[in-house]
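The next block holds one structure in the form of structure tokens; read it before the comments.
Just so it is clear, the structure is predicted and the values come from calculations on it, not from any experiment. Numbered from 1 within each chain, the chains take letters A, B, ... in sequence-line order.
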Amino acid sequence: MDLLKNLTESQKKAVLHKQGPLLVIAGPGSGKTRVITHRIACLIESGVKPWNICAITFTNKASVEMQNRVASMGVPSGVNLSTFHSLCVRLIRQYAQQAGITSNFSIYDDSDQKRVIKQAIADADLSVSNFAPAKMLNAISNLKNELETAESLKTRADEYFAKSLAKIYEKYQKILTENNALDFDDLLMKVAFLLREHPDVRSELNNRFKYLLVDEYQDTNHAQYQIVKGLAIEHQNICVTGDPDQSIYRWRGADIRNIMSFEKDWPHATVVKLEENFRSCQSILTAADKLIANNKNRKVKALIATIKGGEDIRITDYEDDTAEAYGLSKNIKKLIEDGQSPSEIAVFYRVNSMSRILEEALVQNKIPYQIVRGVEFYGRKEIRDMLAYLKLLVNPADNVALQRIINTPVRGIGKTTIDKIAEYASSAGIPIFEALKKTQLKELLNASTQAKLAKFVALIESFQNMTDGPVAPLMEKVFTVTKLADTTGDDKNKSESAIDNVNELINSAGIYDQQSEKPNLTDYLQAIALYSDSDAYDASQPKVALMTLHAAKGLEFDNVFIIGLEDGILPHERSAVSQDEFEEERRLFFVGITRARKRLFISYADYRTTRGQFLRTIPSPFLVEIGYNPLSSPAAGFTEKKQDFSSSEFGYDTSSSQIESAIKPIASPQRQASQASQPYIAGQLVSHKKFGFGRVQQFIEMGDNSIVVVNFNAGHTRSLMLKYANLDIVNKKGD
DNA sequence: GCGAGTTATGTTTTT
DNA sequence: CATAACTCGC
């Protein structure tokens, strides 16, 4: 068959497997995406209708890309291609009644959730200081991903914390229900329950999606696992692809066991392993292989290079984070001068905050770049305000949206009034927007407040006949009529960009209007709730891509830079507590390394500014694991560079005072002062004759009896009397 | 009720 | 360091 002519034998086997369960264990760069697209094309060629195929990808971006690839193979359109979450929204809307919700539901993102959880904790008569909202949300999210309801938790909870959590969970869910809202986890849970409890729906869907494909299966959580099972249980035509070594979403509930035990769940499964790598050169694969071999909880899989030759991995030890940023920019500049396209260059880092200094250096060097970031755009105040108006229009029960905008822009409706209304609404068991129209409420308020509220209600109602139809004109109207346009970005310098942002939102709504057959506000809002800025990453732009290691999943570049190979950053300090989490950090680095085709640059800095503190760092243990020892001369396959800072070397103008202070933090008066008054500050690297290297956790000032608490690298924490501790402050090399 | 100014606080990764 | 929460004066 013509379609298959460029595929290997194992790829062909996977593509041509027509009936029954199929597991494709595919290492990095093994042509996994190709297998999926070809499989879809082959299925259609063999007579399967496109609309009977459902392919699930990990991100919206991946879904769009896959759609394009399938289309480019000359396959008729109509394949259902989406993420789990988008698919769930569609199914919930279609089976709204069985799912027990009306289809105009709001989707709450993390900032909405935060508001709700605080209310829930209060409703449960508990305090936010004992039950940290973020922790509670996390716990609830985990429970939902495990498909555990508040009721079920309540029956099994036997100690105080679990009981309290159950109570909070219950209240949290109650608020969501009252607001006719779902959070991200609910989307999955609803569908999982729908499939479990409505056999008729399940059969209908099995019949509709006769072939199910799931990419990145190693990162599915239990809810997603159950959805997959429900959607394929009757026909068994389930094809999943993934790589256990690239599972990096354990913290979000991803369960590596889903892929590890696929053969047990689907006894007749065919398993195809793709171990050849068509992406990276040998030195890169060797490093990746060595690294991942350190993971204990793992099925051994080979990485077989098919590309011969290649360059050494370049590892650079920089003086500090600024030197790293400028040194890296210099390297990028050189690559571009040597003919590399900026779009073939990417920089990966562990945390988003590391991008800031890079941006500065790239701007200085006039290197075009784009940042691939999570929810930056939709998290902006002005955007959230706009969307809150719109959400309220389609879902008047959405109290969170209402409370966001009832006094934005300011209309003289303050906290006291809102509290009164909210209390009345909750006692009457009606949404706040309903309550605003009740005469009983009006009796509680004075005339001027009543007038303000009536005006607000009239304002909202004036838009309500526009929710069916194009979104952009409505948005524009809302923006001006509410006077949001006049007040947006009032805080001085931000005004311009804030209005630009809203205009950008309106533009994107215009594109939505054009692209959808029947544009309407509900549909639009539910779609963009699942959209993230990383979906906007445009690989075709001639720009260097900056992103977190997580965002790098599924991508590949000729030239890859991975920065911040330091203990506490990669592996991240918050992840190094358990073996499982530590192994996930290793997989994260593995994912980063294996994105590179030709050149891989790895760097670490001796000093890094973290949370405003300029601290000595320890090189990442992963450096040793890829075969590079920071303390000895480089092994085969590596080129090492030690770069001492010198401003001239980086080719920028040191006369700019802003830059100068940024690159010479050693001389900052602030730090000198803190060292003079306190010999030890948290985070300071110290060494002890007996315990070795460690990091100061806390310094308790008590004059002669001061105590230093130190986390030693050996793994234990000790409190030492300063006068007996005999600690040495570890300074930079050569001091 | 509002907003400027101050103080506390919390920090990974994201659909 | 950056933002959220809070205080205080109008």
Aro-ring/base stack A:W251-B:dT13, d under 5.5 Å, angle under 30°: yes
Can you tell me if A:H550 is stacked onto the base of B:dT13, using a 5.5 Å centroid cut-off and an angle below 30°? no
Return the 5'-most residue of the pair A:L530, A:R574 with respect to DNA chain B, ranking by each residue's nearest nucleotide. A:R574
Nearest-nucleotide wise, let me know which of A:R411 and A:T548 is further upstream toward the 5' end of DNA chain B. A:R411
Rounded to whole Å, how long is the line connecting atom [atom1] of [X] with atom [atom2] of [N]?
| X | N | atom1 | atom2 | answer |
| --- | --- | --- | --- | --- |
| A:Q450 | B:dG1 | CD | P | 14 Å |
| A:D109 | B:dT15 | CG | P | 12 Å |
| A:F614 | C:dC1 | CZ | C1' | 15 Å |
| A:D321 | C:dC1 | CG | C1' | 13 Å |
| A:L137 | B:dT14 | CG | C1' | 14 Å |
| A:Y378 | B:dT14 | OH | P | 17 Å |
| A:I413 | B:dG1 | CD1 | C1' | 11 Å |
| A:L588 | B:dT14 | CG | P | 10 Å |

Expressed as a whole number of Å, how far does the P atom of B:dT12 sit from that of C:dA5? 16 Å
Assess, by modelled atom type and distance only, whether the side chains of A:Q218 and A:E216 contain a donor and an acceptor separated by less than 3.5 Å. yes
Base of B:dT13, side chain of A:R350 - is there a donor-acceptor contact under 3.5 Å? yes
Can you tell me which nucleotide in [options] comes closest to the side chain of [X]?
| X | options | answer |
| --- | --- | --- |
| A:H85 | B:dT11, B:dT15, B:dG1 | B:dT15 |
| A:H572 | B:dT15, B:dT12, B:dG1 | B:dT12 |
| A:T59 | B:dT12, B:dT15, B:dG1 | B:dT15 |
| A:V410 | B:dG1, B:dG3, B:dT13 | B:dG3 |

OP1, OP2 of [N] versus side-chain N and O of [X]: anything below 4.0 Å?
| X | N | result |
| --- | --- | --- |
| A:S353 | B:dT12 | no |
| A:N352 | B:dT14 | yes |
| A:N407 | B:dC2 | yes |

Indicate, with a heavy-atom threshold strictly under 4.0 Å, whether A:I248 touches base, sugar-phosphate, or nothing. nothing
Would you indicate what A:Y249 reaches in the nucleic acid, counting non-hydrogen atoms under 4.0 angstrom: base, sugar-phosphate, or nothing? sugar-phosphate
For a side-chain hydrogen bond (donor to acceptor under 3.5 Å, both in side chains) check, start with the C-alpha distance between A:T57 and A:D215, then their side-chain angles and the critical distance, and finish with the verdict. CA-CA 5 Å; A:T57 55; A:D215 194 14; over 6 Å; no
Partners passing side-chain contact (heavy atoms from CB on, under 4.5 Å) against A:S111 (at least two apart in sequence or in another chain): A:D109, A:R384
List for me each residue that meets ring pair (Phe, Tyr, Trp, His ring centres under 6.0 Å) alongside [X], sequence neighbours excluded, and say none if there are none.
| X | answer |
| --- | --- |
| A:F58 | A:Y249 |
| A:F561 | A:F601 |
| A:Y349 | none |
| A:F557 | none |

Can you pull every protein N or O that's under 3.5 Å from an N or O on nucleotides 3-10 of chain C?
unit_1: C:dA5; atom_1: OP1; unit_2: A:K118; atom_2: NZ; d: 2.2

Would you say the rings of A:Y225 and A:F84 are close, in the sense that their centroids are separated by under 6.0 Å? no
